[in-house]
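Structure first, then comments.
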Protein chains: 2
Amino acid sequence: MSSKVNLTPQRKAIYDVIRESSDHPTAAEIIERLKVKDLSFAYGTVYNSLRYLTEVGLVHELKLGDAASRYDGNVDEHQHIQCQICGRVDEVFTDVTKEWLNAIAKETDYTVKSHQVILKGICPQCREQ
Amino acid sequence: MSSKVNLTPQRKAIYDVIRESSDHPTAAEIIERLKVKDLSFAYGTVYNSLRYLTEVGLVHELKLGDAASRYDGNVDEHQHIQCQICGRVDEVFTDVTKEWLNAIAKETDYTVKSHQVILKGICPQCREQ
DNA sequence: CGTATATTTAGACTAAGTCTAAAATAAAAT
DNA sequence: ATTTTATTTTAGACTTAGTCTAAATATACG
Ligand SMILES: [Mn+2]
Ligand SMILES: [Mn+2]
Ligand SMILES: [Zn+2]
Ligand SMILES: [Zn+2]
């Protein structure tokens with residue numbers, strides 16, 4: 001069991017870029033950062049690898065409502081807040097309560113499997129302007 | 001002030017479809033439903049109208065991480081839960097607490113402007129199968 | 001080794017939506 | 001009422017993000 005994770009050189013390089021990034025890069029940004037390291041993979045390989053890394057749980061895919069998905073090397077449970085002005089994405093570790101999730105299960109009669117909170121606001125830097 | 005809302009025939013028809021729908025239709029679904037009423041507008045007009053209706057606050061745009069945005073004629077504050085199996089989207093009126101939002105403002109130093117919760121789970125129907 | 005399986009590659013293709021420039025409507029000014 | 005101005009619609013080209021396909025490579029297995 002525990003089907004071993006198969007990290008090919010491409011997947012490893014992409015995973016490295018994500019872990020070295022703290023800003024939740026998009027696929028396009030990952031491709032840029034690979035290029036800086038003189039690595040250039042087929043377009044499709046980057047997307048296939050991102051899907052693979054997501055599936056095996058090494059990274060998380062964030063869909064914040066922007067056009068492009070972002071990727072997160074921190075797979076600990078946390079949420080995100082995005083600045084409406086500059087677009088930066090920051091971490092949020094204060095999570096919703098279990099009681100709240102239970103209340104929703106009761107209200108909707110769904111079996112709640114996951115929740116994602118997307119907060120929008122103004123970051124400290126942009127507030128100064 | 002209060003810059004009056006300009007509901008052209010096209011915008012009105014699209015708004016009507018959204019209000020008559022309770023399933024948060026996508027642009028493509030709205031176009032289908034217009035066709036049933038023998039209404040056919042330019043592709044771009046539908047998107048322009050959806051943007052307009054969203055901007056003036058008559059509808060809400062939902063980005064649940066699917067490919068296409070969905071539109072909601074209920075503009076009262078509420079959240080959504082989507083079935084991972086059949087894709088249907090249901091309403092969630094149990095909202096997060098103000099305390100939780102304050103905790104996030106303190107943690108992140110952001111001025112929190114909005115929050116969107118996307119819950120995923122199994123709907124009662126799909127659970128029976 | 002030889003064959004099956006998995007992965008990468010380049011490039012065609014798709015889905016959702018935006019943009020553009022011209023035509024049609026509507027509103028405002030003469 | 002007619003001209004001028006502003007707004008909206010339209011068709012279709014274009015963009016962005018991502019998937020699909022078929023061939024070429026690489027890896028694993030007997
Ligand atoms: Mn994160
Ligand atoms: Mn709703
Ligand atoms: Zn900012
Ligand atoms: Zn379902």
Side-chain angles (χ1 to χ4, degrees), chain A residues 1-18 21 23-35 37-56 58-72 82 87 89 118, chain B residues 2-18 23-35 37-56 58-72 82 87 89 118:
Chain A
M1 285 275 105
S2 103
S3 46
K4 202 173 133 292
V5 171
N6 177 10
L7 276 195
T8 63
Q10 290 84 346
R11 289 170 180 171
K12 175 71 165 53
I14 289 165
Y15 182 39
D16 285 345
V17 165
I18 295 171
S21 303
D23 60 345
H24 311 88
T26 62
E29 287 164 346
I30 290 165
I31 289 170
E32 280 174 25
R33 292 170 201 189
L34 287 167
K35 187 161 282 173
K37 297 178 165 189
D38 279 301
L39 294 173
S40 174
F41 307 137
Y43 206 69
T45 298
V46 175
Y47 280 102
N48 285 342
S49 299
L50 289 171
R51 183 165 353 125
Y52 178 85
L53 293 169
T54 301
E55 274 167 12
V56 300
L58 285 177
V59 308
H60 276 176
E61 181 182 11
L62 305 186
K63 296 182 174 183
L64 302 187
D66 302 325
S69 285
R70 294 170 170 272
Y71 293 87
D72 194 341
Q82 183 170 37
V89 175
I118 302 173
Chain B
S2 103
S3 44
K4 202 172 133 292
V5 172
N6 177 10
L7 276 196
T8 64
Q10 290 85 346
R11 288 171 181 170
K12 176 71 166 51
I14 289 165
Y15 182 39
D16 285 345
V17 165
I18 294 171
D23 61 342
H24 311 88
T26 62
E29 287 164 347
I30 291 166
I31 290 170
E32 280 174 24
R33 292 170 200 189
L34 286 167
K35 187 162 283 173
K37 298 180 165 189
D38 279 302
L39 294 172
S40 174
F41 308 138
Y43 205 70
T45 299
V46 175
Y47 281 101
N48 285 341
S49 299
L50 289 171
R51 185 168 349 128
Y52 178 85
L53 293 170
T54 301
E55 275 168 9
V56 301
L58 285 176
V59 308
H60 275 175
E61 182 182 10
L62 305 185
K63 296 183 173 182
L64 302 187
D66 303 324
S69 284
R70 293 169 171 274
Y71 294 87
D72 194 340
Q82 183 168 37
V89 176
I118 302 173

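Chain identifiers are assigned alphabetically (A, B, ...) following the order of the sequence lines, protein sequences preceding nucleic acid strands; residue numbering begins at 1 within each chain.
Between Ala28(B) and Thr8(A), the residue anchored closer to the 5' end of DNA chain C is Thr8(A), taking for each the nucleotide with the nearest heavy atom.
Side-chain contact between Leu58(A) and Tyr52(A): absent, with no pair of heavy atoms (C-beta onward) separated by less than 4.5 Å. Ile18(A) places a side-chain heavy atom less than 4.5 Å from the side chain of Leu50(A). Ile14(B) has its side chain out of reach of Tyr71(B): every pair of non-hydrogen atoms, C-beta onward, lies at least 4.5 Å apart. Using a 4.5 Å cut-off on side-chain heavy atoms (C-beta onward), Thr26(A) and Asp66(A) make no contact.
Protein chain B contacts DNA chain C from dA16(C) to dT18(C), reading 5' to 3' and using non-hydrogen atoms of the protein with a distance under 4.0 Å.
In this structure, Pro25(B) and Arg33(B) approach most closely via the heavy-atom pair CB-NH1, 3.7 Å.
Side-chain nitrogen and oxygen atoms of Asn6(B) include at least one within less than 4.0 Å of the OP1 or OP2 phosphate oxygen of dT8(D). In this structure, Arg51(A) reaches the dT19(D) phosphate: one of its side-chain N or O atoms is under 4.0 Å from OP1 or OP2. Put simply, Tyr47(A) has a side-chain N or O that comes within less than 4.0 Å of OP1 or OP2 on dG18(D). In this model, the phosphate group of dT10(D) is approached by a side-chain N or O of Thr45(B) to a distance below 4.0 Å at OP1 or OP2. Contact annotation: Ser69(A) side-chain N/O to dG18(D) OP1/OP2 distance is under 4.0 Å.
Judged purely by atom type and a 3.5 angstrom limit, Arg11(A) uses its side chain to pair as donor or acceptor with the backbone of Asn6(A). Not a single donor-acceptor pair under 3.5 Å links the side chain of Gln82(B) to the backbone N or O of Val89(B). Between the side chain of Ser21(A) and the backbone N or O of His24(A) there is no donor-acceptor pair closer than 3.5 Å.
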Going 5' to 3' along nucleotides 25-30 of chain D, which nucleotides have protein heavy atoms under 4.0 Å from the base (write B), which only from the sugar-phosphate (write S), and which from neither (write -)? ------
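Rounded to a whole Å, the CG atom of Leu39(B) is 16 Å from the C1' atom of dT10(D). Here dT9(D) presents its C1' atom at 14 Å from CG of Leu34(B), a figure rounded to the nearest Å. If you take CD of Gln10(B) and P of dT8(D), they are 11 Å apart, rounded to a whole angstrom. For the pair Asn48(A) CG and dT19(D) P, the computed distance is 8 Å after rounding to whole Å.
Open room surrounds NZ on Lys35(A); 12 or fewer heavy atoms of other groups in view lie less than 6.0 Å from it.
Contact annotation for Tyr43(A): base contact, defined as any heavy-atom pair under 4.0 Å involving a base atom. Note on Thr26(B): nothing from the nucleic acid sits closer than 4.0 angstrom, heavy atoms only.
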